[in-house]
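The structure under discussion appears below in the form of structure tokens.
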Amino acid sequence: MPHRATRPRHYAGPVVIDLHTHSTASDGTQPPGVVVAEAAAAGLDVVALTDHDTTLGWAQATDAARADGIVLVPGIEVSCSRRHQSIHLLAYLPDPEHPALAAELARARESRDTRLERMVERMAADGIPLTLAAVWAQVDEGATAGRPHIADALVAAGVVEHRDDAFARWLGNDSPYYVGHYAPDPVHAVRVVRAAGGVPVVAHPRAGNRGRGVADGLLEEMAEAGLAGVEVHHRDHDADAVRHLRDLAAVLGLLVTGSSDYHGDGKHNRLGENTTSPEVLAAIEAQATGWPVVRP
Ligand code: AMP
Ligand code: ZN
Ligand code: FE
Ligand code: FE
């Protein structure tokens, strides 16, 4: 029988909704079912699984949500880029088999594989103790490969203690070892997600540690193309960024979300550290036609 470990079903307190998490289907450190179980154990009522460029984790997350009595919003964090700037687009409840969406995701994943190998080759050539085999050993079968897996290989070899150290030393966007990968233009991605029945929400657009952030003009372009919302509450946003994005969302008529961007042990972000209101989740669900919310 489904049960809640921490809160009974008749609990009358606020509904806790976290709409951005990662599993081993991309660069999180826990399998999808464990992310969902942890979310239930942490007292969340709703969790979205949003692995980078893949829906690989949805099936396992769905089984876990039913078993653990938590609501699951299946999603994707779609990598986008424009003029070498990386932009992340959360896509909630899209049809994963929509041809245009599936093709964009497959193309990005394939390009990520090639780019990972080029980065590792450059690093190894410079004397950093890494092999392709050691890095691929960190990537689950079929999962989306990323820089965190290079970091994990360095942690496994005892070269650094945490992913953070590897990013600070070798893996940042300004690193000489950095290699980009194919990613769709964000305006195109918004249209593709909508075409797939999904609800597009731009992720952490003002993350101060990721360069200059997404310009207001681009957010406006994305809004005109069908963007539904902005992830305003995120640990990488300072108070100024939160104020600015909240005001901009009001002007552009966009929903405001907040999420943890949980990566298990791979990042310091904790489940439920930022949350989304039930009204906003209801609006997202009402706009979605690609895939249903999973209710236990
Ligand atoms: P990639 O998708 O391969 O370009 O790598 C970017 C990913 O690395 C993002 O999902 C981030 O969550 C993760 N990342 C970025 N900086 C750090 C860091 N300092 N420590 C751990 N993970 C990071
Ligand atoms: Zn990530
Ligand atoms: Fe992101
Ligand atoms: Fe993320």
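Throughout, residue positions are numbered sequentially from 1 according to the sequence presented. Just so we're clear, the structure is a prediction, and the values are computed from it rather than from any experiment. One-based numbering, in listed order, for ligands and for the atoms of each.
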*Which residues and atoms, counting only protein N, O or S, are under 2.8 Å from the Zn ion (ligand 2)?*
D27 OD1, D27 OD2, H52 NE2, H263 NE2
_So that I can check it, does any N, O or S atom in H20 come closer than 2.8 Å to the Fe ion (ligand 4)?_
yes
_Residues that H20 engages under ring-ring contact (aromatic ring centres under 6.0 Å, His included), provided they are two or more places apart_ = H22
*Compute the angle centred on the Fe ion (ligand 4) spanning OE1 of E77 and OD1 of D261, and express it rounded to 10 degrees.*
160°
*Restricting to N, O or S atoms of H88, which is nearest to the Fe ion (ligand 3)?*
ND1
*asked:* Restricting to N/O/S atoms, is H52 within less than 2.8 Å of the Fe ion (ligand 4) or not?
replied: no
_Can you tell whether the side chains of E221 and R82 come within less than 4.0 Å, N to carboxylate O?_
yes
_Residues that H98 engages under ring-ring contact (aromatic ring centres under 6.0 Å, His included), provided they are two or more places apart_ = none
*Apply side chain to side chain contact (heavy atoms under 4.5 Å, CB included) to V192 and list each qualifying residue two or more places apart in sequence or on a separate chain.*
A100, L101, H188
_I'd like to know if the side chain of E110 pairs up with that of Y182 as donor and acceptor (distance under 3.5 Å, no hydrogens or angles considered)._
no
*Below 4.5 Å, heavy atoms only, C-beta onward: do T55 and W291 meet side chain to side chain?*
no
*Charged N to carboxylate O below 4.0 Å: is that the case for R235 and D261?*
no
_Could you tell me if R122 sits above the aromatic ring of Y177, with its cationic atom closer than 6.0 Å to the ring centre and no more than 45 degrees from the axis?_
no
